[in-house]
Amino acid sequence: MKFRAKAFEETLCGILAADYATDLAHANKRELYNAVSKAAMREAYPMWQASKENGRKRCKYFSAEFLMGRAIFNNLMDLGIIDDVRALLQKYGHDLGEFEEVEDAALGNGGLGRLAACYLESAATKGIPLDGYGIRYRYGLFRQTFEQGFQHEEGDDWLKWGDPWSVRVDRDAVVVEFSDLKVRAVPYDTPVFGYGSDTVGTLRLWSSEPVQAFDFGAFNEMQGERKAEENFNATKICDVLYPNDNTMVGKILRLRQQYFMVSASLLDLVRKEKAEKRDLRTLPERYCFQLNDTHPVLAIPELLRILQREGLTFDEAFDVCRKSFNFTNHTIMAEALEKWDSLALSDLIPEVYEEILACQRRLTQETGNKKLFIVRDNVVHMANLALYVAGKVNGVAELHTGILKRETFRDWCAQYPEKLINITNGITPRRWLLLNNPELAALIDAEIGKNWHTELSELAKLKPHLPSMLEDFKRIKGENKAKLAAYIKEKEGIEIPPAFIFDVQVKRLHEYKRQTLNALSVLYFYFGIKEKKLEIPPTAFIFGAKAAPGYYMAKAVIKFINEIAALVNGDPEVSPYMRVVFVQNYNVSYAEKIVCAADISEQISMAGMEASGTSNMKFMLNGTVTLGTMDGANVEICEEAGRENNYIFGATVEEAEAVSRFYCPRELIAQNPALERALNTMIDGTLPDETGCLKKLYESLTTGHAPDRYLVIYDFADYIRAKEELLRDYGSEAFWMKCLYNLASAGKFSADRSVCAYAEQIWKI
Ligand SMILES: *Cc1c(COP(=O)(O)O)cnc(C)c1O
């Protein structure tokens with residue numbers, strides 16, 4: 001599908017005139033942004049409408065997070081009009097690039113939310129009817145700044161530029177009921193375009209409002225006060241995204257958000273089914289639901305409740321749920337698996353809690369297996385509820401699914417051996433290569449044509465051509481690095497020469513991701529250079545990460561790295577060889593600029609902890625070698641591109657499990673003076689520690705009951721070995737061929753492949 005440029009221009013001018021009383025020559029940036037977006041929406045409307053009404057079975061993707069990033073460039077590209085629009089704006093003295101100021105839609109924390117966004121785009125591209133359902137948070141993930149090296153958080157006003165890509169659908173509003181409060185849920189629909197596709201998906205995000213506007217007519221002192229309170233609570237539900245990634249915070253407001261989102265989605269859907277006089281027992285013929293982690297698992301008891309209210313028996317309703325719900329597990333970390341207090345649930349949503357108890361009873365009857373439970377000791381285990389009812393449960397990389405089968409969900413697998421399957425995560429090659437690295441994309445086009453845009457496995461056809469691409473590849477990488485360096489200079493005020501090696505670790509800040517390990521290696525190089533004991537080619541160590549505001553140790557790591565940056569960059573003896581920068585407010589748009597400019601992709605989580613990872617795939621797709629552990633999808637990256645073409649180090653899952661039991665980091669530190677020196681900077685005054693957080697970080701690695709839980713010390717020596725090998729190899733022809741070979745082997749990691757696997761193996765569409 002491609003618009004005719006002339007029709008687009010007419011629509012655009014019409015909107016500028018009607019909504020802003022202006023024209024193409026006089027509109028300001030904000031007016032232009034809104035009008036261009038609205039014009040694209042208007043032109044694409046018939047296609048969107050046709051997609052909704054095509055009568056096919058649809059999958060509804062329930063997720064508390066959608067990390068969409070900036071919509072406008074991606075949408076114009078997917079619609080095939082980005083070049084026309086750029087030219088049109090240019091004719092009137094505007095620059096499409098000015099829309100870089102538009103805020104990201106950051107309604108997600110990290111990988112899980114970004115995965116949801118990639119899947120929506122891929123499904124639309126592949127013609128799979130997939131719609132997202134979630135929450136329209138008023139404020140997305142906080143904006144991060146650094147002050148004296150400490151993280152500060154500000155509200156993320158993502159609607160500042162308006163939200164021209166959504167439409168409010170009052171007609172579909174529903175009322176969600178808690179025991180103490182009724183809330184109006186109003187949907188905002190955003191079209192999800194596919195690349196060169198007629199299929200348009202819908203992202204439906206619910207916003208909470210008071211059931212009725214404040215009623216002055218009925219005002220009396222008592223009632224008025226209660227109403228005002230209710231109104232306050234109703235809007236509060238969607239105020240803000242919880243900023244915790246991979247940790248469970250048992251807050252009632254969070255529980256309200258989860259129930260609000262699933263209840264609204266299901267009430268709306270069942271109402272539509274009834275309006276069409278459908279037999280609700282046949283609902284699985286028309287819909288299925290994918291639960292993205294445990295956050296939306298309350299959808300199961302909620303659908304049970306609604307269906308019984310509509311006259312189905314429990315068994316009939318249960319049968320519908322079994323056939324329609326599926327569940328994706330994203331983590332094995334105990335602190336991330338959601339559990340809710342029975343009392344909280346029975347207080348807030350008593351009828352839903354009754355359905356959970358009914359599931360527990362049915363589980364006991366069906367299996368008689370005492371090892372399996374949903375509710376135990378007054379705690380509801382949300383993953384277990386999903387494991388019991390869902391038709392299919394999937395892990396997100398081979399290694400992760402293996403651990404789920406062998407360990408985390410072993411008893412469930414013994415009972416239901418067919419249920420658990422693997423679908424390895426993927427990323428959309430449109431945003432993560434075509435859009436963010438157009439020069440490299442054009443180079444690939446010139447070699448093998450454009451089919452790879454929607455069939456990423458075709459990248460393998462590059463393999464015979466790699467040597468001839470080498471010079472262009474190096475030039476393009478160099479240009480991307482220069483652009484990133486200029487951007488970092490502008491945003492962070494830190495100079496990194498583009499000729500330096502760009503060694504990058506960007507992802508949420510988490511102890512298991514081990515930014516600390518990377519930071520300690522930076523100190524190792526710093527002292528080595530300072531004392532003239534070692535030499536490395538000039539390298540810039542680039543970090544980007546947000547820490548959950550309540551995660552003390554993660555914030556300590558940010559302070560640690562920022563102080564290392566000040567030490568290194570401020571030392572004239574060392575700064576010709578090293579720079580360190582921690583970029584502020586890492587988000588999707590920053591990621592787009594970073595992944596095309598990296599020389600090294602740091603994927604160094606403790607083995608067994610990172611379920612899949614997706615930034616590892618973004619770097620690979622942009623022709624970057626991985627310095628990583630045998631964890632998550634890194635294992636499959638090595639399978640595809642060859643372990644010898646990446647830099648692998650550290651304990652394996654088996655080794656990590658074995659070591660953890662009888663492990664004393666202090667012995668290893670005593671044997672490694674360079675590591676000791678690096679660690680001591682946390683406590684010997686080398687780095688300022690105004691709050692004592694670096695000392696705490698030091699203690700977490702060295703003392704107490706179970707020090708160094710994530711084996712930073714244990715893996716340090718092998719990490720240095722791999723990193724030094726990489727730095728030695730850098731710049732050789734063999735090294736550049738490794739980069740290109742990774743690019744040519746990235747086909748498997750397309751989200752197109754993932755969503756097609758979901759459609760075939762789970763959704764049956
Ligand atoms: C891809 C992405 C992530 C996920 O990164 P991992 O390294 O896989 O954890 C997180 N945040 C943003 C902004 C991303 O684009």
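By convention here, the first residue in the shown sequence is residue 1. Keep in mind the model is a prediction, meaning the values are calculated, not measured.
For the side-chain contact (heavy atoms from CB on, under 4.5 Å) with Phe142, the lone residue among Lys546, Glu154, His152 that qualifies is Lys546. His381 pairs with exactly one of Trp340, Phe409, Phe373 by the ring pair (Phe, Tyr, Trp, His ring centres under 6.0 Å) rule, that one being Phe373.
Within the 3.5 Å criterion, the main-chain N or O of Thr702 finds a donor-acceptor partner in the side chain of Arg666. Side-chain atoms of Lys481 come within 3.5 Å of backbone N or O of Phe500 as a donor-acceptor pair. Judged by distance alone, the side chain of Asn622 and the main-chain N or O of Trp432 form a donor-acceptor pair under 3.5 Å. At least one donor-acceptor pair closer than 3.5 Å links the side chain of Lys555 to the backbone N or O of Pro549. Of the possible polar contacts, one joining the Asp571 side chain to the Glu573 backbone as a donor-acceptor pair under 3.5 Å is found. Not a single donor-acceptor pair under 3.5 Å links the side chain of His400 to the backbone N or O of Thr424. Put simply, the side chain of Asn634 never gets that close to the backbone of Met630: no donor and acceptor are under 3.5 Å apart. Listed for the Arg514 side chain is a donor-acceptor partner under 3.5 Å among the backbone atoms of Leu711. In terms of modelled atom types and a separation under 3.5 Å, the side chain of Asn616 and the main chain of Ser612 share a donor-acceptor contact. A donor-acceptor pair under 3.5 Å is absent between the side-chain atoms of Asp341 and the main chain of Val379, judged by distance alone.
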Worked check of side chain to side chain contact (heavy atoms under 4.5 Å, CB included) between Phe525 and Val574: CA-CA 9 Å; Phe525 291 126; Val574 179; over 6 Å; no

Asp718 and Arg721: CA distance, side-chain angles, deciding distance, side chain to side chain contact (heavy atoms under 4.5 Å, CB included) verdict: CA-CA 5 Å; Asp718 201 31; Arg721 177 206 50 81; 2.7 Å; yes

Derivation of the side chain to side chain contact (heavy atoms under 4.5 Å, CB included) call for Glu65 and Leu107: CA-CA 6 Å; Glu65 303 186 12; Leu107 307 188; over 6 Å; no

Stepwise side-chain hydrogen bond (donor to acceptor under 3.5 Å, both in side chains) check, Thr516 with Glu511: CA-CA 8 Å; Thr516 308; Glu511 285 164 286; over 6 Å; no

Verdict with supporting geometry, Asp293 and Asn329, side chain to side chain contact (heavy atoms under 4.5 Å, CB included): CA-CA 5 Å; Asp293 213 318; Asn329 170 275; 5.6 Å; no

Working for ring-ring contact (aromatic ring centres under 6.0 Å, His included), residues Tyr487 and Tyr590: CA-CA 10 Å; Tyr487 189 77; Tyr590 223 138; 5.2 Å; yes

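Pairing each heavy atom of Phe560 with each of Leu523, the nearest pair is CZ-CD1, 3.5 Å. What you find for Tyr552 and Thr691 is that their closest heavy atoms are OH-O, 4.5 Å. Taking all atoms of both residues into account, the shortest heavy-atom contact from Ala485 to Phe502 is CB-CZ, 4.4 Å. Closest approach of Pro665 and Asp708 over heavy atoms only: CG-CB, 4.1 Å. The shortest heavy-atom contact between Asp689 and Lys695 is OD2-N, 3.1 Å. Residues Leu399 and Glu636 come closest through the heavy atom pair N-OE2, 4.4 Å.
Looking only at atom types and distance, the side chain of Glu153 has no donor-acceptor partner in the side chain of Gln144 under 3.5 Å away. Counted by atom type alone, Gln603 and Gln505 present zero donor-acceptor pairs between their side chains at under 3.5 Å. In the model, Ser589 has a side-chain atom that pairs as donor or acceptor with a side-chain atom of Asp104 under 3.5 Å. Using modelled atom types, one finds no donor on one side chain facing an acceptor on the other under 3.5 Å when comparing Thr539 with Asp503. When only modelled atom types and interatomic distance are considered, Tyr714 and Glu655 share a side-chain donor-acceptor pair under 3.5 Å. Side-chain contact check for Asn292 and Thr328: no donor-acceptor pair (N or O, by modelled atom type) lies under 3.5 Å. Between the side chains of Lys723 and Asn518, a donor-acceptor pair is found at a separation under 3.5 Å. A donor-acceptor contact closer than 3.5 angstrom is absent between the side chains of Thr629 and Asp631. With no hydrogens or angles considered, a side-chain donor-acceptor pair links Thr294 and Glu338 at under 3.5 Å.
Ring orientation note: the planes of Phe649 and Tyr719 are tilted relative to one another, at an angle of 30° to 60°. Aromatic ring orientation, Tyr647 versus Phe735: tilted (interplanar angle from 30° to 60°). Ring pair Trp412/Tyr388 is tilted by interplanar angle, where 30° to 60° counts as tilted.
Taking 4.0 Å as the cut-off between side-chain N and carboxylate O, Glu602 and Lys513 do not count as a salt-bridged pair. Using a 4.0 Å cut-off between charged nitrogen and carboxylate oxygen, Glu147 and Lys559 do not count as a salt-bridge pair.
Figure legend: cation-pi geometry between Arg677 and Phe527, with NZ or CZ positioned under 6.0 Å from the six-membered ring centre and within 45° of its axis.
Atom-to-atom distance recorded for Thr247:OG1 and Arg508:CZ is 8.0 Å, nearest 0.5 angstrom. Taken from CD1 in Ile594 to OG1 in Thr624, the straight-line distance is 12.0 Å, to the nearest 0.5 Å. Rounding to the nearest 0.5 Å places CG of Leu404 at 12.0 Å from CD1 of Ile421. A distance of 8.0 Å separates OH in Tyr524 from CG in Asn672, rounded to the nearest 0.5 Å. From Asp156, atom CG reaches atom CG of Leu141 across 7.0 Å, with rounding to the nearest 0.5 Å. Atom CG of Asp245 is separated from atom CG of Asn109 by 5.0 Å, given to the nearest 0.5 angstrom.
Crowding of Lys419 atom NZ: a count of heavy atoms from other residues, nucleotides or ligands under 6.0 Å exceeding 12. Surrounding CD of Glu657 are more than 12 heavy atoms belonging to other residues, nucleotides or ligands, all under 6.0 Å away. Other residues, nucleotides and ligands place no more than 12 heavy atoms under 6.0 Å from the CD atom of Glu535.
Under the 4.5 Å side-chain criterion, counting only non-hydrogen atoms from C-beta, Leu337 is not in contact with Met248. You'll find the side chain of Phe543 stays beyond 4.5 Å of the side chain of Val581, heavy atoms only.
For Glu639, there are no side chain to side chain donor-acceptor pair (under 3.5 Å) partners, not counting sequence neighbours.
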